[in-house]
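Working notes, structure below.
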Amino acid sequence: MIEQLLSEKTKEALNSLYGASVETVSFEKTNPDFTGDLTLVVFNFLKISKKKPEDTANEIGNYLKANVSEIADFNVVKGFLNLVISDSYWLNYFNSVKNKDFSSTKLPENAPVVMVEYSSPNTNKPLHLGHVRNNLLGFSVAEILKAAGNKVVKTNIVNDRGIHICKSMLAWQKWGNGETPESSGIKGDHLVGKYYVEFDKHYKLEATDLKAKGMSEEEAEKNAPLVLQTKEMLLKWEKGDKAVRSLWEMMNGWVYKGFDVSYKMMGVDFDKTYYESNTYLLGKNIIDDGLAKGILKRREDNSVFIDLTADGLDEKTLLRSDGTSLYMTQDLGTALQRFEEVHFEKLIFTVANEQDYHFKVLSLILNKLGYSWAKGLHHLSYGMVELPEGKMKSREGTVVDADDLMSEMIKTAEATTKELGKVDNLTEEEAQHLYKTIGLGALKYFLLKVDPKKKMLFNPAESIDFNGNTAPFIMFNYVRVQAMLRKATDAGIHFDSSETMEITSVLPKEKELIIKVHSFETIIQQAAKEFSPALIANYTYDLAKEYSQYYHDTSILKEENNEKKIFRLQLSNMVGNVIKASTKLLGIEVPERM
RNA sequence: GAUCCCAUAGCUCAGCUGGAUAGAGCAACGGUUUUCUAAACCGUAGGCCUUUGGUUCGAAUCCAAAUGGGAUCACCA
């Protein structure tokens, strides 16, 4: 990396010129309005040099030019030292990576293990837009971490038990008339979700009824017959009641079949799937351990808690007075279980920001209990997706359904593609695949290009764009490259040999493209560090945009100089390779034609 | 009441480990096609970077407060 070399040499310069040693020296990309590639801001060194900014910059510049062969020239504007890196440096770099497969990563044996948990669906309803953001984020972060040199284990924990699951079960029992996915033709998860909404409808009626009879709102909500029956059902489930268990298994089975279809459509997968019904009792041994260490305390009524008031938080109960465990207890237990299973360096939880508090407490407790691995826990917190009318609520049916949204996107892609008349040479199968690639790509990019932690507004009335900063634009540029390369191959031009072209100078745009590709590695590392697919998305867009301008202004196949022509083809090929690799990190596939 | 997150063009967002004149896309207006895919390219217009104070040679960026928006603070998950 050129930055590293320059940083070292600058330290050397400061030492030799002013006899001072500086810890870190960093460069930034030169502002496009000035000449140069990298810029050193010298204001920080004035104390050392005891000279004017211009003089300091000039002295450092002279030293670097004399001692670093990669520096072709420099100029000084006020306190800014702009360095021009020689074309030959960039060309050497270009030649070393022009045929590289940017998407392959070879992991060292001892690569750190990172577990990424995402999705975590409930089995009482189908996936909605919020889940889509979660799934895409989790999957993409996993891909990015892989590319950054980690061994990644993708995990899903299915919340398959609990009072909310019993709600749809009870409603189906009461009003389902034996309806099944087969008999109704409704996708399993949607069918179950239908009864979840049904439950809420009846429950609200009951509560209103009780209120009319003089109960307070709170009483009415607690004493609605449906609520009591659900609690009873949960107790039966916990005791292993045969009828309840088999109903549970049947309905969950429908849901899993449905989820599989949605996951496959989204293009996400998991290495491990956990079920809450198997893990909800975990964590009690941690409690015993904490009590023994005196970090957890037992109340008079036998419940167990931890006092976090000294850390600015509250008292957190970890065991009910009847000895049963809670959400937090369970999460403590599963974290420990996972560490014992895979010895992760990091454990990433992809969960919406409404649970920031929960994860803060979780990490704090584990740290207090002295588990050294707990510092590897990270909550990948993302903002909620909101609709113009506010938060989505599954119970009330005000959600953007994941399956509906995806098929809507594919339909839009189909309509647009046909309108542009781009399907003439495709078989029906190829065309269908193309619509899916474009539609889902547009959706994925739309959700991933925004900083994860920001909440996002989705207006279903305004369909997702296909122009500008979008996946179809990026794909379009990839496709243009492929079309051109096919044409070149047909004409018998060999651009993919490792042969080095005798190019001595490059166009400014060509240099920019090489520099852009050069920074791909750094961007991956940064995205991995910040768990941010948005960085990859924006990088890819910038690259595609620059290529688009280059393509527009420069003739490639029509270039008469053969060396230049081949160089340009190689450059295009390289840009295509990077686009393919970086979109892959977002879970986006690129088509070969469109 | 307490804590956490957010605030940049009409809209959606970049930029935030302090640096030069704050960038894209959409929408608006105008232009480019006998030339490698026009889902493209070029141009015009659009900004008290929410406000105030502080730190600094230098602040959209760091600190504090205020305002507005969101979330959380169960022996629910």
Side-chain angles (χ1 to χ4, degrees), chain A residues 24 26 28 30-34 39 41-44 46 53 77-80 82 120 122 159 161-165 276 280 299 301-305 312-314 316-331 352-358 360-361 381 383-384 386 390-391 413 416-417 419-420 422 438 442 446 449-451 453-459 462 465-477 479-488 491 526 534-535 537-538 541-542 545 548-559 565 568-569 572 593-594:
Chain A
T24 51
S26 55
E28 53 198 74
T30 300
N31 184 309
D33 296 340
F34 298 88
T39 295
V41 183
V42 302
F43 290 107
N44 292 326
L46 299 185
V77 182
K78 291 186 281 183
F80 299 90
N82 301 319
S120 334
N122 290 306
N159 302 305
R161 50 134 252 136
I163 197 86
H164 51 302
I165 310 295
E276 199 198 323
Y280 80 108
R299 293 197 189 95
D301 65 2
N302 220 29
S303 62
V304 174
F305 74 102
L313 303 172
D314 303 292
K316 185 79 194 171
T317 303
L318 297 175
L319 220 50
R320 292 193 187 95
S321 48
D322 65 4
T324 55
S325 53
L326 290 144
Y327 177 40
M328 184 59 77
T329 326
Q330 215 182 105
D331 268 12
N353 63 11
E354 55 188 354
Q355 292 200 37
D356 285 355
Y357 183 80
H358 174 79
K360 207 169 160 183
V361 172
S381 164
M384 313 283 283
E386 287 175 17
K391 219 176 149 175
T416 311
T417 307
E419 202 177 298
L420 292 166
K422 304 232 178 186
I438 296 173
F446 177 81
K449 76 172 170 186
V450 200
D451 184 340
K453 70 169 180 280
K454 292 197 174 170
K455 69 168 184 212
M456 61 191 310
L457 189 96
F458 179 76
N459 189 346
E462 295 168 18
D465 236 314
F466 279 39
N467 300 316
N469 187 354
T470 65
F473 171 80
I474 292 166
M475 292 173 181
F476 176 69
N477 281 290
V479 165
R480 285 212 286 211
V481 169
Q482 303 317 308
M484 192 168 63
L485 296 182
R486 276 194 301 269
K487 221 166 202 177
Q526 204 187 339
L535 293 177
N538 287 311
Y541 173 66
D542 285 345
K545 192 181 142 97
S548 187
Q549 292 164 342
Y550 174 65
Y551 179 91
H552 183 266
D553 298 338
T554 320
S555 39
I556 298 175
L557 286 174
K558 295 204 167 72
E559 169 59 42
K565 179 169 28 178
R568 288 173 187 179
L569 284 166
S572 301
R593 298 163 202 269
M594 72 189 279

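Letters go in sequence order (proteins before strands), and every chain restarts at 1.
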In whole angstrom, give the distance that lies between atom CG of A:Asp33 and atom C1' of B:G19.
-> 14 Å

Watson-Crick or G-U counterpart of B:G19, or none if no pair lies under 3.5 Å = B:C57

Expressed as a whole number of Å, how far does the C1' atom of B:G25 sit from that of B:A20?
-> 26 Å

From the options B:C4, B:A39, B:A14, select the nucleotide whose nearest atom is closest to the side chain of A:Asp356.
-> B:C4

Hey, does A:Lys422 reach any base, or is it just sugar-phosphate, or nothing, if we go heavy atoms under 4.0 Å?
-> base

Take the protein atom NZ of A:Lys558 and the nucleotide atom C1' of B:C36, then report the distance between them rounded to whole Å.
-> 5 Å

Considering every strand shown, what is the Watson-Crick or G-U wobble mate of B:U67 when both distances are under 3.5 Å?
-> B:A7

Of all the choices, B:A20, B:C36, B:U3, which nucleotide is nearest to the side chain of A:Lys360 once you look at every atom?
-> B:U3

Return yes if the base of B:A20 and the side-chain atoms of A:Thr39 contain a donor-acceptor N/O pair under 3.5 Å, otherwise no.
-> yes

Indicate yes or no: at least one non-hydrogen side-chain atom of A:Arg161 is less than 4.5 angstrom from one of A:Tyr280.
-> yes

Closest nucleotide among B:U72, B:A39, B:A14 to the A:Tyr357 side chain | B:U72

Pi stacking test for A:Phe80 and B:G19: under 5.5 Å apart, planes under 30° = no

Roughly how far apart, to the nearest Å, are B:G10 and B:C48 at atom P?
-> 7 Å

Anything under 30° is parallel, anything over 60° is perpendicular, the rest tilted; go ahead and classify A:His358 against A:Tyr327.
-> parallel

Do the side-chain N or O atoms of A:Lys545 get closer than 4.0 angstrom to the phosphate oxygens (OP1, OP2) of B:G25?
-> yes

Scan A:Val41 against the nucleic acid and name what it touches under 4.0 Å (heavy atoms): base, sugar-phosphate only, or nothing.
-> base

With the side chain of A:Gln549 defined as its heavy atoms from C-beta on, choose the nearest nucleotide among B:C41, B:G70, B:C26.
-> B:C41

Who pairs with B:A14 - Watson-Crick or G-U, where each distance is under 3.5 Å = none

Per atom distances to the A:Tyr551 side chain, the nearest of B:A38, B:G19, B:A7 is B:A38

Under a 3.5 Å limit for both distances, which nucleotide forms a Watson-Crick or G-U wobble pair with B:A77, could you say?
-> none

Looking for any heavy atom pair under 4.0 Å, which part of the strands does A:Asn82 touch: base, sugar-phosphate only, or nothing?
-> base

Check every strand shown and say whether A:Ser303 touches a base, only sugar-phosphate, or nothing at a heavy-atom separation below 4.0 Å.
-> base

